[in-house]
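In what follows, a single structure is set out as structure tokens and then discussed.
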Amino acid sequence: MLISLPQRRPSLLLVCALLVGLSVLLNRGSFLLERGDSPVFFVPKEKKIYVGVSAEGIEAGVYQLNDDSSLCGAILLTNPFLSRDILPADLCETRLNNGRFLRLAKKGRRFKVVESSWAPAGQRIALSIPLHPDRMNQPDWTVLPGIGAKLAARIETDRQNNGDFGRFSNLVRVKGVGPQSLERWKSFFD
């Protein structure tokens, strides 16, 4: 026995489907976080870090790595033909910081870090790496708008005499740095 549906049923189903779809579209904002740019059920993006590496036998440059990368990972990235066995265990356990520059030297077959420093502020800014007031030297300060050699020297002298700033907002303790200056520079700092 065949049961036939009344002609109205398929159109009623279509109308219901359209209403459900419209409801989902209109309520889409309820699935978003406060800022409105990230869904609640998002997969976090991997944090990237930039590290400069130079040494004999590897391609010197700035490399983008995952935030859980070790120095071994950075070295192997510079030259895929290197063998992991020429890298000392302490290098493989060393976690990298965003904006570090490392100069390595080869001792026999093995590598060793001979210099570790922060990248110049201009390079960190170009790579969108936030600056920190305690990781800057006098030439770094002159990269920021409105800071000349004299103010940069005052900032560096203050840090040497009074200790680290700790936070960006503590720069106001330096003569010549006020709220307007901080507002102008805040986009460069974390």
Side-chain angles (χ1 to χ4, degrees), residues 44-171 173-174 176-177 181-182 185-190:
K45 294 179 184 176
E46 289 182 359
K47 185 178 173 191
K48 301 291 183 185
I49 62 171
Y50 295 92
V51 177
V53 181
S54 68
E56 176 190 333
I58 63 173
E59 185 68 33
V62 177
Y63 293 90
Q64 177 181 313
L65 306 161
N66 295 331
D67 66 348
D68 63 345
S69 295
S70 68
L71 184 51
C72 279
I75 295 169
L76 293 171
L77 182 64
T78 64
N79 186 340
F81 301 108
L82 291 175
S83 171
R84 189 174 275 280
D85 68 336
I86 68 168
L87 303 172
D90 63 326
L91 289 185
C92 293
E93 294 168 5
T94 303
R95 294 287 165 224
L96 299 173
N97 295 356
N98 203 7
R100 292 299 279 184
F101 267 44
L102 306 164
R103 192 167 55 84
L104 309 172
K106 216 171 182 184
K107 296 274 188 178
R109 282 184 24 117
R110 295 189 171 271
F111 282 100
K112 173 184 170 183
V113 176
V114 291
E115 182 185 341
S116 176
S117 61
W118 291 105
Q123 289 179 345
R124 284 184 276 167
I125 290 169
L127 294 169
S128 298
I129 299 170
L131 301 175
H132 191 283
D134 298 331
R135 295 179 184 152
M136 296 177 67
N137 58 29
Q138 192 169 336
D140 287 336
W141 288 106
T142 61
V143 173
L144 296 176
I147 297 185
K150 288 183 180 181
L151 182 54
R154 264 198 312 264
I155 293 171
E156 190 60 25
T157 300
D158 181 277
R159 194 177 80 172
Q160 296 301 319
N161 292 338
N162 302 314
D164 286 345
F165 295 106
R167 294 183 315 196
F168 166 69
S169 59
N170 291 339
L171 284 168
R173 75 184 194 202
V174 178
V177 177
S181 299
L182 293 181
W185 304 329
K186 76 178 180 180
S187 64
F188 301 109
F189 290 84
D190 52 355

Show the nearest heavy-atom pair for residues [X] and [Y], with the distance to one decimal.
{"X": "S181", "Y": "G176", "value": "OG-O, 4.1 Å"}
{"X": "I49", "Y": "N98", "value": "CA-OD1, 3.3 Å"}
{"X": "R173", "Y": "R159", "value": "NH2-CA, 4.0 Å"}
{"X": "L171", "Y": "L182", "value": "CB-CD2, 3.9 Å"}

Restricting to salt bridge (Lys or Arg N to Asp or Glu O under 4.0 Å), what partner residues turn up for R103, sequence neighbours left out?
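With sequence neighbours excluded, R103 shows a salt bridge (Lys or Arg N to Asp or Glu O under 4.0 Å) to E115, given in chain and number order.
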Going by the rule salt bridge (Lys or Arg N to Asp or Glu O under 4.0 Å), which residues pair with R124 if we only count those two or more places apart in sequence or in a different chain?
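Salt bridge (Lys or Arg N to Asp or Glu O under 4.0 Å) list for R124, sorted by chain: D140.
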Partners meeting ring-ring contact (aromatic ring centres under 6.0 Å, His included) with F168 (sequence neighbours left out):
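Here the qualifying residues are F189.
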So, do N137 and W118 sit near enough that their side-chain heavy atoms are less than 4.5 Å apart?
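A side-chain contact under 4.5 Å is absent here.
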Are the side chains of V143 and F188 in touch, meaning some heavy atoms are under 4.5 Å apart?
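V143 does not reach F188 side chain to side chain.
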Residue pairs, two or more places apart or on separate chains, that pass salt bridge (charged side-chain N to carboxylate O under 4.0 Å, His left out) and touch residues 129-139
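Every pair satisfying salt bridge (charged side-chain N to carboxylate O under 4.0 Å, His left out) with a residue in residues 129-139: there are none.
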Can you confirm whether more than 12 heavy atoms, excluding those of R167, are under 6.0 Å from its CZ atom?
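Counting other residues, nucleotides and ligands, CZ of R167 stays at 12 neighbours or fewer.
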Non-neighbouring partners of [X] that pass side chain to side chain donor-acceptor pair (under 3.5 Å), sequence neighbours left out:
{"X": "S116", "value": "R100"}
{"X": "R154", "value": "none"}
{"X": "N162", "value": "D158"}
{"X": "Q64", "value": "Y50"}

